Amino acid sequence: MDMANGKLPTRAEDFSEWYNQVVLQAELADYAPVRGCMVVRPYGWALWENITSILDKRFKETGHVNAAFPTLIPLSFFEKEKEHVEGFSPQLAVVTHGGGEQLEEPLAVRPTSETIIGYMYAKWIKSWRDLPVLIVQWGSVMRWELRTKLFLRTAEFYWHEGHTAHATAEEAKEEMLRILDIYTDFSINEAALPVLKGYKSESERFAGAQITTSIEGMMQDKRALQCGTSHYFGQNFSRAFDIKFLDRNNTLQYCETTSWAISTRIIGAIIMTHGDDQGLILPPRLAPIQVVIVPIFKNDAEKGRVMETAHRLFAELKGAGIRVKLDDREEVTPGYKFNDWELRGVPLRIEIGPNDADRNVVTLARRDRPGREGKSSVPQAALPPTVSGLLDEIQRSLLERATAFLNANIHQPGDYEELKSIVADGWAFAWWCESPECEAKIKEDTKATSRNIPFDQSGEGRCVVCGRPAKVRAYFARAY
RNA sequence: CGGGGUGUGGCGCAGUCCGGUAGCGCACCGCGUUUGGGACGCGGGGGUCGUCGGUUCAAGUCCGACCGCCCCGACCA
């Protein structure tokens, strides 16, 4: 096993470098030889698998099926939807040669698959009986990003993209919201990320969408990170790709379509929401290793007693379905292991030394409460339920802490000057007339953009920028 | 693409001003002692100094061109 090394900068010193070092030293990912691309290492991929398996289950429970479409898409497909081409053309990687020959038509490496899936849907959908079509693709896509950062923005990234076709606008919008709710529930209850859901402003909308909804999280530097999106396209793509069906009255209709995605970016959100100066803190429900056992001994006599206990408790915890690891490396000291597993964010550590073994106890150390405060001594008897309970408690406390942080850093500005000072170090929740001009002014003055607009609104106010009547309040923040 | 940096064992750097055949820390390998918060000693292995060209008896070092990567901006999940 590779060992971690080096010290982390503190979050206060340099949040960005802290983030980079956590990703690298915890061995979640590494830089690839291709500019802007990352290698997701086994520990990072294990985390991603825990995320994907939960989401996959929820999609299947709601009637979705998985399929795979090609990585390469004829370049001409991107010309078919006007806004889509404008949005994605600058970011395309294009294959011009194959087998040593120049291709007749260049092929884009997919930046997202609406076009090719739309093309196939046009072939497959003929009748109202064929609808809805609810397909999810798990894979990677490529966007030629100018500035990249591990997990947050890489040229190639992993995700799922759901693409659905429906007979009516109502059904399609319901689908968009159903998925947004799955995303929200997943983020809050599995990842312990207290995200806020809403719809996007015109300028923040996905290229080609009529409605874009999102969930937005607040990182510890108070910048916003979009953690998932769900789009309603209306008939934009079905008209561009001729996705039509005969309804019950034998009338030809265009489908209503949606698409939605969560990417490996959410790993960045987990890191930047929960981590501390020791490194990663993973929510127990997603952690590849929930519990690590660190045996401690000085000589062979102690080793025998301690390891016997360690193996026995390891088997008990594993049998109870807890993801547990026994760190039996002898070439590094216990102190090294403590730091190593803290860096990797394992939620709970079990220390077993000669004293513990003799007294039939173990020492537990919670990752979310560093130092002595998080340590306790518990009986070895009935350890699995004790550990399960503590993992639940850690999961709860991570969400609670992140939620308190979120709430403490959202403020309602009384006027524009106040908005400017709020978004310098937090989020503003402000009345807005929804005009692109006012949003553009905010962006120009502060670099903050509208993150999203909650669905449930009450009352009326005056736009914080122009003073005209405003029906909604929106979140404004600097975003990743 | 604009601005700023930087390329020397796996990683981080020194050496470049003033040319003389490459060094330090970490990591790695071996042996021994250690082990309840990042252990120590001794002994090892590993580098055509980003690339190409030029000057010179001699280039990591001087000159020229090119390339890569990182950071800051415009674009984005």
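Treat the numbers as computed from the prediction; the structure is a model and nothing was measured.
- Among the heavy atoms of the strands, none lies under 4.0 Å from A/T212.
- Side-chain atoms of A/P354 lie closest to B/G36 of the nucleotides B/G36, B/C76, B/G38.
- Applying the 3.5 Å distance criterion, the base of B/C76 shares a donor-acceptor pair with the side chain of A/R153.
- Between A/E342 and A/R344, no side-chain nitrogen of the basic residue sits less than 4.0 Å from a carboxylate oxygen of the acidic one, so the salt-bridge criterion is not met.
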Give the C-alpha distance, both sets of side-chain angles, the deciding distance and a yes or no for salt bridge (charged side-chain N to carboxylate O under 4.0 Å, His left out) between A/D328 and A/K303. CA-CA 11 Å; A/D328 57 2; A/K303 179 180 173 183; over 6 Å; no
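- For A/K447, counting side-chain heavy atoms from C-beta on, the closest listed nucleotide (B/G38, B/C76, B/G73) is B/G73.
- Across B/G38, B/C75, B/G36, the shortest atom-to-atom separation from the side chain of A/K443 is found for B/C75.
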Give me, pair by pair, the N or O atoms of the protein and of nucleotides 1-8 of chain B that are less than 3.5 Å apart, along with how far apart they are.
none

Set out, in order, the CA-CA distance, both residues' side-chain angles and the distance that settles side chain to side chain contact (heavy atoms under 4.5 Å, CB included) for A/L225 and A/E216, then state yes or no. CA-CA 6 Å; A/L225 185 69; A/E216 304 280 334; over 6 Å; no
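- In this structure, A/Q226 reaches the sugar-phosphate backbone alone: every heavy-atom distance under 4.0 Å involves primed, P, OP1 or OP2 atoms, never a base.
- As judged by a 4.0 angstrom heavy-atom cut-off over every strand, A/R349 is placed among the base-contacting residues.
- For A/S16 and A/K149, the side-chain atoms include at least one donor-acceptor pair closer than 3.5 Å.
- The side chain of A/N355 sits closest to B/G36 out of B/G36, B/C76, B/G38.
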Yes or no on side chain to side chain contact (heavy atoms under 4.5 Å, CB included) for A/E256 and A/Y232, after CA distance, side-chain angles and deciding distance? CA-CA 8 Å; A/E256 298 274 332; A/Y232 165 68; 2.5 Å; yes
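- Annotation: cation-pi geometry not satisfied between A/R305 and A/F297 (NZ/CZ under 6.0 angstrom from ring centroid, within 45° of ring axis).
- Ring orientation note: the planes of A/F206 and A/F233 are tilted relative to one another, at an angle of 30° to 60°.
- Remark: the A/Q290 side chain and the A/K325 side chain contain no N/O donor-acceptor pair separated by less than 3.5 Å.
- Residue-to-nucleotide contacts include a donor-acceptor pair under 3.5 Å from the side chain of A/D356 to the base of B/G36.
- Among the protein residues, A/T264 comes within range of no part of the nucleic acid, since none of its heavy atoms lies under 4.0 Å from any strand.
- If you check every strand for non-hydrogen atoms under 4.0 Å, A/K375 touches a base.
- Across every non-hydrogen atom of A/I262 and A/C227, the tightest pair is CG1-O, 3.5 Å.
- Within the nucleic acid shown, A/L152 comes within 4.0 Å of at least one base atom, counting heavy atoms only.
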If you restrict it to nitrogen or oxygen atoms, what contacts under 3.5 Å exist between nucleotides 39-41 of chain B and the protein, and what is each distance?
{"unit_1": "B/A39", "atom_1": "OP2", "unit_2": "A/T333", "atom_2": "OG1", "d": "2.5"}

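- For B/G73, the OP1/OP2 oxygens have a side-chain nitrogen or oxygen of A/R147 closer than 4.0 Å.
- A/Y31 comes within 4.0 angstrom of no nucleic acid atom, judged by non-hydrogen atoms across all strands.
- The stretch residues 291-304 of chain A touches RNA chain B through A/I296, A/F297, A/K298, each having a heavy atom under 4.0 angstrom from the strand.
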